[in-house]
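What follows is a single structure, written as structure tokens, with notes after it.
Since we're looking at a predicted model, the values are computed, not measured. Atoms within a ligand are numbered from 1 in the order they appear, just like the ligands themselves.
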Amino acid sequence: MTSPHGPEDPDFTTQIAGPASTDGLAQCDTVVPEDPCTIVIVGATGDLTARKLMPSLLNLYNSGSLPRPFSIVGCGRTPLDHEAFRHRMHEALKKSAAFDAAAWEKFAGRLFYKEIDYQDPASFKALADLLDDLDRRSGTRKNRIVYLALPPSLYQPVSRSLGQAGLGDEHRGENGWSRLVVEKPFGHDLASAVRLDRNLQEFFEEHQIFRINHYLAKETVQNVLMFRFSNAIFEPIWNRRFIDYVNITATETLGVEHRAGYYEQSGVLRDMFQNHMMMLLALIAMEPPSRFNADQVRDERVKVFRALRPLDVANLRENLILGQYGAGTIDGRSVPGYLDEAGVAPGSLTPTYAKMRVFLDNWRWQGVPFYLTSGKRMARKVTQIAIQFKEVPHSMFRRILGETITANRLIIGIYPDEKITLTFQTKQPGAAVCLQRVTMDFLYRRDETEPVIDAYEKVLVDTMLGDQMLFWHQYGVERTWEFLTPVLDSFENCRDHHDSLHIYPAGGWGPHGVENLCPRALPDLMQSGVKGSE
Ligand code: BG6
């Protein structure tokens with residue numbers, strides 16, 4: 001095959017190399033932050049630090065992706081010295097696959113610890129002195145990230161004490177920046193989210209606040225925008241004229257685990273919908289920004305939230321099904337119902353499952369239902385977005401085949417399969433006139449040995465780079481709460497609260513009745529190779 005522009009035309013060569021060519025990957029290595037910095041983890045003796053933050057930081061160190069120099073300062077209420085903290089982290093990390101004893105020794109030399117009393121401002125002043133001292137000794141130039149690995153009730157007092165100790169100040173003259181990282185929940189409803197933000201902004205400005213959504217940092221989730229806006233063939237059909245409905249699914253087999261204290265206050269709508277489900281919706285539905293930068297991408301995401309049609313709270317059941325898992329079996333193992341989990345209040349009405357139908361009131365999406373489903377203790381862990389296209393306007397084969405032609409479907413698999421699947425019809429080979437449905441798969445990760453950056457690593461690197469594209473802007477947080485707060489109020493305050501919550505057996509696909517809200521939702525999961533138990 002020759003290129004119209006000659007055989008050496010580089011674009012043409014790439015095209016004929018095949019659809020899954022990985023040419024160009026070399027240019028896509030992780031960007032290494034240039035600014036030296038200190039990462040302060042407040043709540044360093046907790047679970048998040050041992051399970052996610054330290055392994056991610058160690059991996060980044062091993063792959064040469066941390067800036068030089070860097071320091072990590074753990075803070076917590078537990079009295080520890082630097083050595084005892086290093087020992088704790090060593091115990092937490094030594095079993096991980098990536099652990100390398102020689103690299104650990106060097107990494108551990110950059111770990112420090114400061115005992116802190118969250119109620120005592122003097123304690124934060126002492127932390128600031130330690131950071132100044134480290135800056136002087138290591139050359140970290142007053143660039144600081146403070147990661148709040150804390151229960152949300154401590155965000156306000158801790159951020160205020162940090163601010164009062166001068167840790168929110170940006171030392172521009174001395175080349176220093178200061179960033180605050182917070183995990184969800186960002187409030188409990190609209191009013192508390194606004195209050196929380198007001199408190200954080202007492203000492204930290206919007207550009208200094210990094211509100212994490214770890215879903216956005218997943219490779220395949222980031223790929224949604226690349227896929228939509230780097231291919232000319234999808235955008236023209238990405239609208240109400242060609243798309244029948246969209247299913248966004250994030251189910252998991254895990255139950256509430258040891259997090260009942262948090263989950264009882266939250267439930268699935270706050271835990272998954274206010275953030276992860278809304279973000280997936282935004283990526284699928286947003287308009288193309290004119291530039292790929294944090295401000296413009298975040299603006300377009302917010303416009304999606306603004307277009308959400310409020311749910312009619314007088315008839316919530318038309319658009320929302322809530323459930324709670326009962327006892328059941330998962331992977332051949334009996335598991336208890338939610339009410340029997342440690343820390344769950346007797347008779348709790350916390351929902352662990354929700355299916356919601358939402359509409360976007362804008363030109364592109366008018367009339368297209370988006371079905372958002374998330375639940376714990378379901379048959380399989382699946383995260384995917386399925387775009388269901390409309391049926392062909394007229395089937396000239398109907399008289400011969402006597403059947404409906406299955407419409408095209410595009411599935412963006414996020415977990416377990418990171419892939420894009422397109423289904424379409426072809427003629428079945430043979431003398432008879434028959435159609436067959438075929439699928440074309442693009443496996444996102446063909447080579448398992450490829451270096452992959454995990455979601456927390458990505459979040460940490462982007463914070464060091466000061467890139468807020470994958471983080472929530474407060475506007476987005478408020479718009480999503482604006483949509484969900486009336487729904488939560490209505491469910492939590494209604495008299496038939498109890499009747500609105502459907503118990504489903506663990507290990508299934510949710511409560512009975514979900515088919516009525518979206519009759520065509522389950523086949524997507526089946527089609528992605530997931531076998532349900534119903
Ligand atoms: C978290 C929720 O944000 O996301 C958890 O708090 C949930 O309840 C988790 O289990 C799911 O994340 P992932 O990456 O496993 O799909």
| Which residue pairs satisfy the ring-ring contact (aromatic ring centres under 6.0 Å, His included) criterion with at least one member in residues 259-283, sequence neighbours excluded? | H214-H276, Y215-H276

| query | Can you tell me the protein heavy atom closest to atom 10 (O) of ligand 1 and the distance? | reply | E252 OE1, 2.7 Å

| said: I'd like to know if the side chain of Q468 and the backbone of I209 have a donor-acceptor N/O pair within less than 3.5 Å. | reply: yes

| said: Is there a polar contact between ligand 1 and D271, counting only N or O atoms under 3.5 Å apart? | reply: yes

| Among protein heavy atoms, which sits nearest to atom 1 (C) of ligand 1, and what does the distance come to when rounded to 0.1 Å? | H276 NE2, 3.7 Å

| query | For ligand 1, is any non-hydrogen atom under 4.0 Å from Y415's backbone (N, CA, C, O), its side chain (CB onward), both, or neither? | reply | neither

| request: Just need the protein heavy atom nearest to atom 15 (O) of ligand 1, so name the residue and atom and give the distance. | output: K381 NZ, 2.9 Å

| said: With heavy-atom distances below 4.0 Å as the criterion, list the atoms of ligand 1 near K376. | reply: 5 (C), 7 (C), 8 (O), 10 (O)

| task | Could you check atom 14 (O) of ligand 1 against the protein and tell me its nearest heavy-atom contact, residue, atom and distance included? | result | K218 NZ, 2.6 Å

| message | For atom 16 (O) of ligand 1, what is the closest protein heavy atom, and at what distance to 0.1 Å? | response | Y215 OH, 2.6 Å

| field | Ion pair K458/D462, N-O distance below 4.0 Å | value | yes

| Expected output: side-chain R160 to main-chain N199 donor-acceptor under 3.5 Å | no

| Relative to each other, are the rings of F370 and W365 parallel, tilted or perpendicular (30° and 60° limits)? | perpendicular

| Parallel, tilted or perpendicular: ring planes of W104 versus F107, cut at 30 and 60 degrees | tilted

| message | Please list the nearest protein heavy atom to atom 12 (O) of ligand 1 with its residue and the distance rounded to 0.1 Å. | response | H214 NE2, 3.3 Å

| field | Any Y263 heavy atom less than 4.0 Å to ligand 1 | value | no

When the side chains of residues 499-508 are checked against the rest of the protein, which donor-acceptor pairs come out under 3.5 Å, sequence neighbours left out?
| unit_1 | atom_1 | unit_2 | atom_2 | d |
| --- | --- | --- | --- | --- |
| S500 | OG | D496 | O | 3.1 |
| Y504 | OH | T352 | OG1 | 2.9 |
| Y504 | OH | K376 | O | 2.7 |

